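As a basis for the values below, the full set of heavy atoms in this structure was taken, side chains included, without hydrogen atoms, waters or symmetry mates. We're numbering straight along the sequence, starting at 1. Note that the coordinates shown come from a computational prediction; the quantities given were computed from them, not determined experimentally.
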Amino acid sequence: MRVVIDPLVALAPDVDGYFDLLRRSDASLLILRRREQHQVLASGDYAVVTPAETPADNGWGGVIEKLENGVVRRAIPFAQKNTESVFNLAEHHGLDPVAARARELDAQAAISLEADLYVTDNEFALHRKTMRSACTVSDALAVIGLHQRLRSRVLVGPEDAQFITSWMAERVQVTAMLPRVDAQFNDVMETRAGDEALSMLRAMLIRLERALAARDRLLVTSLHPNGLIGFEAPDELVERAVVALQGVLDAAARALNAQLTTPVPESEASFSRKSFRAQLPPATRKLVEDSDNRGIREIISVLGNTIHHQPFGIAAHEKDGEVERLATVEGEPAEKFRALAAQLKATDRWTLFETSSAMPDLGLGVVLRPIPLIDELIVRCAALSDSLIASAPWATPPLPDAERTGWGSGPAFIRSVQRGYGLDDAVVFAR
């Protein structure tokens, strides 16, 4: 994968160092960075030749790229004309025309370099429909993270640089999303809690890992117009993810139930049961019954229950030459989903449009946008589940960062893995 770094993009020191680390250590990525012509020495260096430097070429520019075994020269067609025309286009779209014109040559160089990702904060390049490789820094890191996890070879760094496997990355991400659940695995908890509570806390971690694994496959298959061999359709992966998230909530309920003075029967330990909620400590019950939290619980339940009723369907949507593969839900689940999405003010983010069912008695269906839907459900379900465990009187608070020891516990290490998922910056794959 060819990744071109905009020379004017603002990079935090650790992110800048991580791109350099990727360049040195990950052969599946080619990180291209602009240098002056006399500094083009290492593979991945490139220099831009401006139209002013080649007046005989009728306003064309060029790129000099250093390869391992030589140098290749690429043209930037009509560079001068395109740079000037960008001024008017940016002004038309309400963007800074001067800044757009000043940075256009670098954007044109990225096109000539056949960039898969052009990492930039150039607003005009990011908004231009014809420049599909342009992405923000956080988006680029998330795409690189997905690329690495699919190969099961994830580079963490720049501090404590090392390669880890996909399942190790999933475990680090899960413990970062459920820090207060992870904090319960210590000597005090082992002594105080019964086996049932501990096994359910472990189940929460495992179920969230499965949701993240389904999300990875969903990211690939949803954005590929024809699907990929060995990858399930989006409807199957949405179902897999929401069933895993329902498992996270069920395990949280049973972990809390195991610590009650008078536990209810295991089959009745569910947040949907009023009798069980009445047994919970006041702080926990308040979280469970909060309207937004209830909405998240119910929407996961509605989507998860499609495995017992009308299954998800499939759909596709084309925009600007790109095809997004989608999922549909019909009948009673669709009606409940519409109401809950409206309550959570997420209708525009999670749905594309309504559709008439092939079976009129089922009513209108809903076309779901799988990626933003699953991203947000994962983040909000994890936050709710973690808060529920933390609200219990027996919960042990997490240790401060300075006191945490062991593999994968360093803040820089965790941040590096989190950047590869992109879930901290809302829904990065939903542009």
Side-chain angles (χ1 to χ4, degrees), residues 1-11 13-83 86 101-122 125-126 128 130-137 139-158 161-163 420:
M1 184 162 63
R2 295 171 66 87
V3 182
V4 177
I5 311 294
D6 182 343
L8 297 180
V9 68
L11 296 177
D14 58 336
V15 174
D16 195 21
Y18 184 63
F19 279 125
D20 283 338
L21 177 66
L22 287 170
R23 184 176 183 177
R24 296 191 306 269
S25 306
D26 192 339
S28 72
L29 297 166
L30 178 59
I31 308 296
L32 294 144
R33 309 196 78 157
R34 180 175 174 175
R35 313 292 188 198
E36 296 300 326
Q37 287 194 38
H38 66 278
Q39 295 176 325
V40 178
L41 302 173
S43 177
D45 289 346
Y46 75 92
V48 174
V49 180
T50 67
E53 295 175 286
T54 56
D57 288 338
N58 299 316
W60 284 37
V63 178
I64 302 171
E65 179 189 353
K66 180 71 170 70
L67 305 178
E68 289 186 2
N69 56 354
V71 172
V72 62
R73 295 177 180 270
R74 303 170 182 266
I76 304 179
F78 309 108
Q80 185 173 357
K81 179 181 177 181
N82 290 339
T83 300
V86 143
R101 181 170 59 187
R103 302 181 69 173
E104 176 62 13
L105 192 59
D106 285 313
Q108 292 289 322
I111 294 172
S112 293
L113 287 166
E114 301 177 350
D116 296 301
L117 296 177
Y118 176 47
V119 186
T120 184
D121 51 12
N122 178 352
L126 292 170
R128 193 161 63 194
T130 56
M131 192 158 190
R132 294 172 183 160
S133 63
C135 59
T136 64
V137 176
D139 285 6
L141 291 169
V143 173
I144 290 169
L146 175 63
H147 169 79
Q148 292 182 327
R149 291 192 301 277
L150 292 174
R151 300 176 64 249
S152 198
R153 187 174 167 82
V154 180
L155 181 59
V156 179
Q162 58 185 285
F163 280 102

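Shortest non-hydrogen contact noted between Ile144 and Phe19 is CD1-CE2, 3.9 Å. Shown here for Asn82 and Glu104, the closest heavy-atom pair between the two residues is O-CG, 4.1 Å. Of all the heavy atoms in Ala10 and Asp121, the pair that sits closest is N-OD2, 3.2 Å. When every heavy atom of Gly157 is checked against every heavy atom of Tyr18, the shortest pair comes out as O-CD1, 3.5 Å. Across Ala125 and Thr120, no two heavy atoms sit closer than the pair CB-CG2, 4.4 Å. Taking both residues in full, the closest heavy atoms of Leu30 and Gly44 are given as CD1-CA, 4.1 Å, listed atom of the first, atom of the second, then distance.
Here OG of Ser28 is found 9.5 Å from CG of Leu155. Values are rounded to the nearest 0.5 Å. With values rounded to the nearest 0.5 angstrom, Leu117 atom CG is found 10.5 Å from Thr136 atom OG1. In this structure, Gln148 CD and Leu141 CG are separated by 9.5 Å, a value rounded to the nearest 0.5 Å. Expressed to the nearest 0.5 Å, how far CG of Leu8 lies from CD1 of Ile5 amounts to 12.5 Å. Atom CE of Met131 is separated from atom CD1 of Ile111 by 4.5 Å, given to the nearest 0.5 angstrom. Atom CZ in Arg128 sits 9.0 Å away from atom OG in Ser133 (nearest 0.5 Å).
A distance-only check finds a donor-acceptor pair linking the side chain of Asp116 to the backbone of Arg2 [under 3.5 Å]. Without hydrogens or angle criteria, Thr83 side chain to Arg101 main chain gives no donor-acceptor distance under 3.5 Å.
Put simply, the side chain of Gln37 reaches to within 4.5 Å of the side chain of Val49, judged on heavy atoms. Counting only heavy atoms from C-beta outward, the side chains of Leu67 and Glu65 approach each other to under 4.5 Å.
Considering Asp106, Leu32, Leu113, Leu126 in turn, Asp106 is the only one that fulfils the side-chain contact (heavy atoms from CB on, under 4.5 Å) rule with Tyr118.
Qualifying side chain to side chain contact (heavy atoms under 4.5 Å, CB included) partners for Arg23, counting only residues two or more places apart in sequence or in other chains: Ile31, Arg33, Arg35, Ala42, Asp45. Checked against side-chain hydrogen bond (donor to acceptor under 3.5 Å, both in side chains), Arg153 has no partners two or more places apart in sequence or in another chain.
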